[in-house]
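Some notes on the structure that comes next.
Chain letters run A, B, ... following the sequence lines, proteins first, then strands; residues in each count from 1.
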Number of protein chains: 2
Amino acid sequence: MQKVTMADVAKLANVSKSTVSQYLNKRYEYMSEETRRRIAGAIEQLQYRPNVIARSLKQKSTATIGVIVFNILHMLTTQVLRAIEDMCQQHDFHVIVCNTDDDPEKEKKYIDMLWAKQVDGFIIFPTGKNVDLYKRMIEARLPVVFVDRTVEGIDVDAVLLDNERAVQLGMHYLIEQGYKHIGLVAPPFAPHVIPRTERINAFRYALREANLPIKEEWIITEQVKHISGRLDALLQRNKLPEAIFAINDLTLMEVLTFVKRRQLTIPHDIALISIDDVPFASIYTPSLTTIAQPAFEMGEKATERLFMQMGGEISPQMFRLAPKLIERDSAKKRGDKGE
Amino acid sequence: MQKVTMADVAKLANVSKSTVSQYLNKRYEYMSEETRRRIAGAIEQLQYRPNVIARSLKQKSTATIGVIVFNILHMLTTQVLRAIEDMCQQHDFHVIVCNTDDDPEKEKKYIDMLWAKQVDGFIIFPTGKNVDLYKRMIEARLPVVFVDRTVEGIDVDAVLLDNERAVQLGMHYLIEQGYKHIGLVAPPFAPHVIPRTERINAFRYALREANLPIKEEWIITEQVKHISGRLDALLQRNKLPEAIFAINDLTLMEVLTFVKRRQLTIPHDIALISIDDVPFASIYTPSLTTIAQPAFEMGEKATERLFMQMGGEISPQMFRLAPKLIERDSAKKRGDKGE
DNA sequence: TTGTATGCGTTATCAA
DNA sequence: TTGATAACGCATACAA
């Protein structure tokens, strides 16, 4: 395996270890051309590779950050991750990726292990359930940025979508298009899941603000697999809303499943708008009007803040990034359908 | 930051560093109940966390692997990665993820840096252009597994889709359904891109085998953004094939774009089958017949092999994982449409 | 311009 | 049952 060390290089080049070290750290200033060449030669000949671990031990920095997410399979996560990795690449940093599946136990284990591994910082999609641990991290002055969720009582940088704004954008659009009976589909309500909570609340708020009826049976917060069943039930009783707001890609898929099964026409039978600009939005028929999350910006902002923290104390801040409405055809103005 | 070390614990517990070390490594055998308790107490009180970096230096193992991919945004990659991370989690290993964008320079840099960082192994989607470096890795006995591509002259574990089989599955199906005029869409031919090459070759082979005409104008290997234009041209000249085989998700999207723009009907105007089971395959209308890659199995197999290599010398092997045809509606038997 | 000595936080060997 | 001491591979202050 890796056997050749600085000492070997030094010996072959007939200099001391320190000189080699100097050379490696590009402190050429007081080094003779001759020595430099000899060292370069020795390194080349021995195929020497500095052991970064040893250096890290000395310098207390690993040039590695830990990114802890729920599930790398989620599109948003993947995109955020890509942005993080891109920025780290520019700084010669590496990224360790961990999936928690939103399980606090796994999260704790990962944080502990990465901490022990001396990573220089953390970007976390927090489960929100390890409050004590988060606090200890802050106390220890570990650079930390939360993404997607905040945690009550934890004063730390956080980068989130402006969920209120996202819902508002969608709702204003629907209302503008003349829809009055609007429903929502979401996974089950869970207070610590900030985006979900904020979106559901904003939905109610938007209806109230527009003086539109809030019908509880149209606010479907249900396990994803049961959503299309709930819609079926409404259809059977002829109680479907005119339009549906899907709060994320998963729920959108369920609505589309339902629509396909019942052979409904969008937007005639039911209009549709969703958060998350799914990749097939433009090729679906009709093309889907969506509210896109600025995933890359989120990743960039999070990384930027992390590097700022690593550079020195800064006071924690919360960033709300702006969503963008992408108008297509799935929520166009109603035709002359009655009701 | 991290200040408390083993020495601090030792002092507080009134024992020596070595004893603390013993304790941490669960070598309790010859340790008095009393000391054990004192050490546990001290650790708790000081919130001591062992420095894994120091340990790594001593033990020459970092419990970390490097995974180098083209682009984490590709669905296949994400899935493979998730499988890798899951398996690593079970072994208390961590995963460093790197994106090369298929750029050999970036690949080289990443390999060098991760090597210097003493990762215990590599799983690589190789660009194929750093042959010397790959060779040096093998010589140094670094555990390495290639995924998705092999590289000529490099004798190393590799996990790939059985591309021939994938195309065969699809072509047999199309032919069985009565299609005779079959086209293919793919990104530009590039010999080192193994899956693409194998798929294109297998396509030609399947036609020949079935005694069907090979029309070069139906074999579209073109930059993705130009594909739908090429299809347009065919349509205008009334030369569209009856069915199209899209060799991956990207090209599939282009075909769907074309189909939507031209308002064609699938499979009546044109039948469609593709490799990559895109997430919307079942909700699209008509639902899409696809050939799914066993992404998770690929990740698992790659990781399994990597751990085997880390466990001791094994001789390199190539694994071809089986694709799976998922029959839906986009390539169903032709109706009675004339030719 | 280069070398010596020391320390980073562990683990391992060997005494005690 | 526990402790002293020497590595691990590199960086750095200071000396030469």
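At a cut-off of 3.5 angstrom, the base of D:dA4 holds at least one donor-acceptor pair with the side chain of B:S18. One cannot find a donor-acceptor pair under 3.5 Å joining the base of C:dT4 and the side-chain atoms of A:K17. Contact annotation: side chain of B:K58 to base of D:dA7, donor-acceptor pair present below 3.5 Å. For B:T35 and D:dT1, a side-chain-to-base donor-acceptor distance below 3.5 Å is absent, hydrogens and geometry of angles not being considered.
For the OP1/OP2 pair of C:dG3 and a distance below 4.0 Å, the side-chain nitrogens and oxygens of A:T19 include at least one atom meeting the criterion. Look at A:Y48 and you'll find a side-chain N or O under 4.0 angstrom from OP1 or OP2 of D:dC10. Checking the phosphate oxygens (OP1, OP2) of C:dC8, no side-chain nitrogen or oxygen of B:T5 falls inside 4.0 Å. Regarding contacts with the backbone of C:dG3, a side-chain N or O of A:S16 is found under 4.0 angstrom from either OP1 or OP2.
For the 3.5 Å distance criterion, the side chains of B:Q118 and B:T62 fail to qualify, holding no donor opposite an acceptor. In the model, A:N14 has no side-chain atom that pairs as donor or acceptor with a side-chain atom of A:R38 under 3.5 Å.
Protein atom CD of B:Q59 is 17 Å distant from nucleotide atom P of C:dG9, rounded to whole Å. As a whole-Å value, the separation of B:Y23 OH from C:dT11 C1' is 18 Å. Separating the CZ atom of B:R38 from the P atom of D:dT1 is a distance of 14 Å, rounded to the nearest angstrom. In this entry the distance linking CG of B:L46 with C1' of C:dG9 reads 15 Å, nearest Å. As rounded to whole Å, 16 Å separates atom P of C:dT2 from atom CG of A:N25. Taking atom CE of residue B:M6 and atom P of nucleotide C:dA12, one finds them 11 Å apart after rounding to whole Å. Summarising the geometry, the separation between CG on B:L57 and C1' on C:dT11 is reported as 10 Å, rounded to the nearest angstrom. To the nearest angstrom, C1' of D:dT2 lies 13 Å from CG of B:N14.
The side chain to side chain contact (heavy atoms under 4.5 Å, CB included) with B:L160 is formed by just one residue from the set B:I194, B:D148, B:V147, B:L321; it is B:I194.
Looking at heavy-atom distances under 4.0 Å, B:V15 makes contact with sugar-phosphate atoms alone, never a base.
Across B:W115 and B:A140, no two heavy atoms sit closer than the pair CZ2-CB, 3.5 Å.
Between A:C98 and A:I96 the shortest side-chain heavy-atom distance falls below 4.5 Å.
When distances run from any side-chain atom of B:N51 to the nucleotides C:dT11, C:dG9, D:dC10, the shortest one goes to C:dG9.
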